[in-house]
Number of protein chains: 2
Amino acid sequence: MPAIVALPCMCASLRRAARALTQLYDDALRPLGLRATQFTVLQALSLAGEVSQGELGQLLVMDSTTLTRTLRILSAQGWIENRPGKDRRERWLRLTSAGHHQLKRATPRWERAQARLRSRLGDARWHELLKVSTEVIGGILESAED
Amino acid sequence: MPAIVALPCMCASLRRAARALTQLYDDALRPLGLRATQFTVLQALSLAGEVSQGELGQLLVMDSTTLTRTLRILSAQGWIENRPGKDRRERWLRLTSAGHHQLKRATPRWERAQARLRSRLGDARWHELLKVSTEVIGGILESAED
DNA sequence: CGGATTTATATGTATATACATCTATTCTGC
DNA sequence: GCAGAATAGATGTATATACATATAAATCCG
């Protein structure tokens with residue numbers, strides 16, 4: 001096993017960690033034909049309830065046009081549905097019952113991946129990483145204001 | 001500015017942070033026609049010296065076949081060159097002088113992005129995040145051994 | 001009210017990413 | 001040394017991602 005060398009660039013370091021994490025979660029979810037990213041969208045919709053595509057993009061800090069393609073895949077699987085709102089430019093998204101079911105089926109595997117990682121990291125670093133990976137975004141969005 | 005909501009999934013949280021970071025660094029490097037990912041490869045090669053594609057993949061925790069495409073772009077720009085090693089399956093990679101020059105040109109912009117983020121985050125969290133984002137990978141690779 | 005502006009999403013395009021598979025090469029056991 | 005296994009990288013394919021631009025709808029202002 002190669003030792004993991006620190007990188008001086010925060011962006012490179014976080015992207016690298018994200019790649020490694022994605023491997024772990026993708027492996028866990030692969031038997032269900034679900035990618036980590038797709039699981040994230042299902043879980044986010046389950047937590048957020050009915051939201052517009054733009055709101056989902058804000059929640060995930062993801063360009064809302066990027067979501068167009070991912071949502072199309074999830075729609076094709078029958079896991080989400082969308083309908084126009086009063087403002088007919090918007091699309092309101094929610095899980096279908098098949099989507100709820102798929103999320104439910106995937107959740108134990110996701111929990112095992114989380115638990116495995118958490119036990120390897122230790123609770124302190126686990127919470128630390130979860131917290132800082134959320135906080136760091138604020139620092140970036142502030143900068144972008146100007 | 002939307003408040004950033006914590007996500008329960010570590011993978012989702014890290015991927016989201018990586019997207020946000022990538023925005024910041026891409027914005028900083030855009031005037032040079034360089035993506036954050038490409039900068040990462042140039043910087044990694046500068047730090048690592050001449051390495052094979054596989055070794056670079058290990059350093060970045062990136063599938064070495066993924067590198068094939070990125071390296072092609074950097075080669076087309078004249079920033080890297082590769083030659084076969086004694087083992088003729090391998091490709092040994094290194095920066096060209098144009099590559100060194102491009103890295104040098106990009107470095108001040110990268111440093112400003114790093115400094116901006118670091119001052120927003122504070123030194124403690126900056127170091128924390130850099131450390132944990134490196135350590136978390138070990139936890140994953142161990143799991144994958146079995 | 002109506003034209004100009006803004007906004008939400010879709011589409012075209014380029015890069016990032018991994019996996020399955022393929023080819024060329026090296027290594028291993030005999 | 002050779003046949004079979006293992007390895008390095010290339011290629012095909014699918015998804016992830018952002019940006020520029022297009023389209024449609026809403027809002028603003030005179």
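Sequence lines set the chain letters: A, B, ... in the order given, protein chains first and strands last, and positions in each chain run from 1.
Of the N and O atoms on the side chains of B:Arg91 and B:Ser52, not one donor lies less than 3.5 Å from an acceptor on the other residue.
Judged by distance alone, with hydrogens and angles left aside, the side-chain atoms of A:Gln114 form a donor-acceptor pair with the main-chain N or O of B:Pro8 at under 3.5 Å. A distance-only check finds no donor-acceptor pair linking the side chain of B:Gln43 to the backbone of B:Thr40 [under 3.5 Å]. In this structure a side-chain-to-backbone donor-acceptor pair under 3.5 Å is missing from A:Thr66 to A:Met62. Of the possible donor and acceptor atoms, none in the side chain of A:Ser46 sits under 3.5 Å from a partner among the backbone N and O of A:Leu42. A donor-acceptor pair under 3.5 Å links the side-chain atoms of A:Arg125 to the main chain of A:Leu121, judged by distance alone.
Remark: A:Arg30 in residues 30-48 of chain A come within less than 4.0 Å of DNA chain C through at least one heavy atom. For the segment residues 73-85 of chain A, the set of residues with a heavy atom within less than 4.0 Å of an atom of DNA chain D comprises A:Ile73, in numerical order.
Comment: B:Glu135 does not engage A:Arg120 in a salt bridge, judged by the lack of any side-chain N to carboxylate O separation of less than 4.0 angstrom. Residues A:Glu128 and B:Lys131 are not paired through a salt bridge, judged by the lack of any N-O separation under 4.0 Å between the basic side chain and the carboxylate.
Atom NE2 of A:His101 is surrounded by 12 or fewer heavy atoms from other residues, nucleotides or ligands within 6.0 Å.
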Contact string for nucleotides 1-10 of chain D, one letter per nucleotide 5' to 3', B = base within protein heavy-atom range under 4.0 Å, S = sugar-phosphate only, - = neither, reads -----BBSSB
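Qualifying side-chain contact (heavy atoms from CB on, under 4.5 Å) partners for B:Arg30, counting only residues two or more places apart in sequence or in other chains: B:Asp26, B:Asp27. Residues satisfying the side-chain contact (heavy atoms from CB on, under 4.5 Å) criterion with A:Glu81, sequence neighbours excluded, are A:Arg94, A:Thr96.
In terms of position along DNA chain C, the nucleotide closest to B:Thr70 lies nearer the 5' end than the nucleotide closest to the other residue of the pair B:Arg88 and B:Thr70.
Extent of DNA chain C lying under 4.0 Å from chain B heavy atoms, first and last nucleotide in 5' to 3' order, is C:dT15 to C:dT26.
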Chi angles and distances behind the side chain to side chain donor-acceptor pair (under 3.5 Å) call for B:Arg35, B:Gln38: CA-CA 5 Å; B:Arg35 301 275 195 104; B:Gln38 298 168 356; 6.0 Å; no
Side chain to side chain donor-acceptor pair (under 3.5 Å) evaluation trace for B:Glu90 with B:Trp92: CA-CA 6 Å; B:Glu90 293 182 339; B:Trp92 288 82; 3.1 Å; yes
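The residue B:Arg15 sits close only to the backbone: its heavy atoms come under 4.0 Å of sugar-phosphate atoms, none of a base.
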